[in-house]
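A short worksheet on the structure shown next.
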Amino acid sequence: MSKPSARSRLADSAFALFDERGYEQTTVDDIAERAGLGRTTFFRHYRSKEDVIFPDHDRLLDLIRDRLATSSHSTALVAVSDAVRLVLLHYLDEGDLARRRYVLTSKVAALRDREIASVARYQRLFREFIGDWMGDEAKSASLRAELMSAAVVAAHNHVLRRWLRGETTDPVGEVDEAMRDVLALFPTGGSPTSGSGTTVVAFRTGQDIDALLPSLRRLVEGGAEH
């Protein structure tokens with residue numbers, strides 16, 4: 001059996017100390033000492049003790065950008081769904097570490113604030129992609145892109161929280177179903193279009209919107225964890 005990497009040892013040591021002493025009372029030196037490593041090794045892998053807690057959001061964002069960049073206009077929504085699945089799979093691969101992070105961020109306000117800021121980065125990336133896909137610079141189109149990206153992130157977070165709480169054994173299947181719910185809120189059609197003739201997302205109106213609101217509320221209930 002291979003020896004755990006220095007990065008893994010540091011993460012395991014950090015979470016163990018956070019459980020024993022509390023986040024605020026644990027120092028970088030404490031973490032390095034518990035892992036049997038030096039400060040230099042710690043900072044080779046992490047910029048701060050806060051960075052031990054969170055996944056590599058920059059790498060995840062790059063993976064999302066890469067997946068979205070491979071799509072065409074006709075496959076854009078498939079790419080969005082695939083990108084959401086990529087993020088979820090990252091958390092599933094982390095296993096117990098993701099669950100321990102969830103517990104910790106629910107207790108420490110500073111960490112919760114950072115998590116919320118990270119969620120905003122994902123939502124902005126999806127918003128920009130969806131806005132470009134719609135190809136319409138009108139104010140109403142900007143609002144549609146904002147709403148759709150918020151629903152996309154909420155769908156992911158809803159399923160992720162269920163898995164973190166042990167409420168589902170099929171998070172991948174649930175996130176795919178949730179994304180189908182999201183896309184049903186924003187059906188596509190032949191109009192309206194931009195000046196170049198690009199198809200954009202067209203909202204349903206009137207009674208149809210009222211019928212869809214409970215589904216959207218279900219997706220966005222609860223707090224943020226991405």
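Hydrogens, waters and symmetry mates are skipped; everything else that's a heavy atom, side chains included, is used.
One N or O on the side chain of Arg9 and one on the backbone of Ala35 form a donor-acceptor pair closer than 3.5 Å. Under the 3.5 Å distance criterion, the side-chain polar atoms of Asp30 are matched with a main-chain donor or acceptor of Thr27. Between the side chain of Ser149 and the backbone N or O of Ala145 there is at least one donor-acceptor pair closer than 3.5 Å. At distances below 3.5 Å, not a single donor-acceptor pair connects side-chain atoms of Ser71 with backbone N or O atoms of Arg67. Within the 3.5 Å criterion, the main-chain N or O of Ile53 finds a donor-acceptor partner in the side chain of Arg101. Side chain of Thr75 to main chain of Val78: no donor-acceptor pair is present (N/O by atom type, distance under 3.5 Å, no hydrogens or angles). Of the possible polar contacts, none joining the Tyr102 side chain to the Leu97 backbone as a donor-acceptor pair under 3.5 Å is found. Without hydrogens or angle criteria, Thr41 side chain to Leu37 main chain gives no donor-acceptor distance under 3.5 Å. With hydrogens and angles ignored, the 3.5 Å screen pairs a side-chain donor or acceptor of Trp133 with a backbone N or O of His73. At distances below 3.5 Å, not a single donor-acceptor pair connects side-chain atoms of Arg34 with backbone N or O atoms of Ser13.
A cation-pi geometry, defined here as NZ or CZ lying under 6.0 Å from the six-membered ring centre and within 45° of its normal, holds between Lys49 and Tyr23.
Across all their heavy atoms, Trp163 and Gly95 have their closest contact at CH2-O, 3.7 Å. Considering every non-hydrogen atom in both Leu88 and Val159, the closest pair reads CD2-CG1, 4.5 Å. Smallest separation of non-hydrogen atoms from Ile64 and Ala83: CG2-CB, 3.9 Å. Minimum heavy-atom separation, Ala178 to Ala155: CB-CB, 3.9 Å. Taking both residues in full, the closest heavy atoms of Ala151 and Val182 are given as O-CG2, 3.5 Å, listed atom of the first, atom of the second, then distance. Looking at every heavy atom in both residues, Ser106 comes nearest to Arg112 through O-NH1, 3.0 Å.
For the pair Arg114 and Asp51, the minimum side-chain heavy-atom distance is below 4.5 Å. Side-chain contact check for Asp176 versus Ser81: every heavy-atom pair is 4.5 Å or farther apart. Side-chain contact check for Phe43 versus Val28: some heavy-atom pair is nearer than 4.5 Å.
A salt bridge does not link Arg59 with Asp62: none of the charged nitrogens is closer than 4.0 Å to a carboxylate oxygen.
Note that the CG atom of Asp132 and the CZ atom of Arg127 stand 11.0 Å from one another [nearest 0.5 Å]. Arg180 CZ to Leu77 CG: the interatomic distance, rounded to the nearest 0.5 Å, is 14.0 Å. One distance of note links CD of Glu128 with CZ of Arg65; it measures 8.0 Å at 0.5 Å rounding. Rounding to the nearest 0.5 Å gives a distance of 5.5 Å between CG of Leu147 and CZ of Phe186. Taking CG of Leu10 as the start and CZ of Phe42 as the end, the distance is 6.5 Å to the nearest 0.5 Å. In this structure, CG in Leu125 is found 11.0 Å from CG in Leu60, a value given to the nearest 0.5 Å.
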- Task: Check the pair His156 / Arg85 against side chain to side chain contact (heavy atoms under 4.5 Å, CB included), numbers first and verdict last.
- Result: CA-CA 8 Å; His156 170 271; Arg85 196 181 302 111; over 6 Å; no

- Would Val172 and Leu92 satisfy side chain to side chain contact (heavy atoms under 4.5 Å, CB included), going step by step from the backbone distance to the final call? CA-CA 9 Å; Val172 175; Leu92 299 184; 3.7 Å; yes

- Message: Quick one, Arg121 with Asp58, criterion salt bridge (Lys or Arg N to Asp or Glu O under 4.0 Å). Give me CA distance, side-chain angles, the key distance, then yes/no.
- Response: CA-CA 10 Å; Arg121 295 177 66 194; Asp58 289 337; 2.7 Å; yes

- salt bridge (Lys or Arg N to Asp or Glu O under 4.0 Å) between Asp96 and Arg99, intermediate numbers included: CA-CA 5 Å; Asp96 186 59; Arg99 292 190 172 95; 5.5 Å; no

- Task: Could you walk me through whether His90 and Asp56 pass side chain to side chain contact (heavy atoms under 4.5 Å, CB included), step by step?
- Result: CA-CA 10 Å; His90 173 85; Asp56 190 345; 5.6 Å; no

- Check the pair Leu160 / Leu164 against side chain to side chain contact (heavy atoms under 4.5 Å, CB included), numbers first and verdict last. CA-CA 6 Å; Leu160 175 60; Leu164 290 168; 3.8 Å; yes

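Ring centers of His57 and Tyr122: under 6.0 Å apart, within the cut-off.
There is no path of hydrophobic side-chain contacts, each under 4.5 Å, that joins Val103 to Val52. Cluster membership for Phe54 and Val108, using ILVMFWY side-chain heavy atoms within less than 4.5 angstrom, is shared. In the hydrophobic cluster analysis, where Ile, Leu, Val, Met, Phe, Trp and Tyr join through side-chain heavy atoms closer than 4.5 angstrom, Leu143 is grouped together with Phe126.
Using a 30° and 60° split on the angle between ring planes, Phe15 and Phe18 fall in the perpendicular class, above 60°.
A donor-acceptor contact closer than 3.5 angstrom links the side chains of Glu174 and Thr168.
Atom CD of Glu33 has 12 or fewer heavy atoms from other residues, nucleotides or ligands within 6.0 Å.
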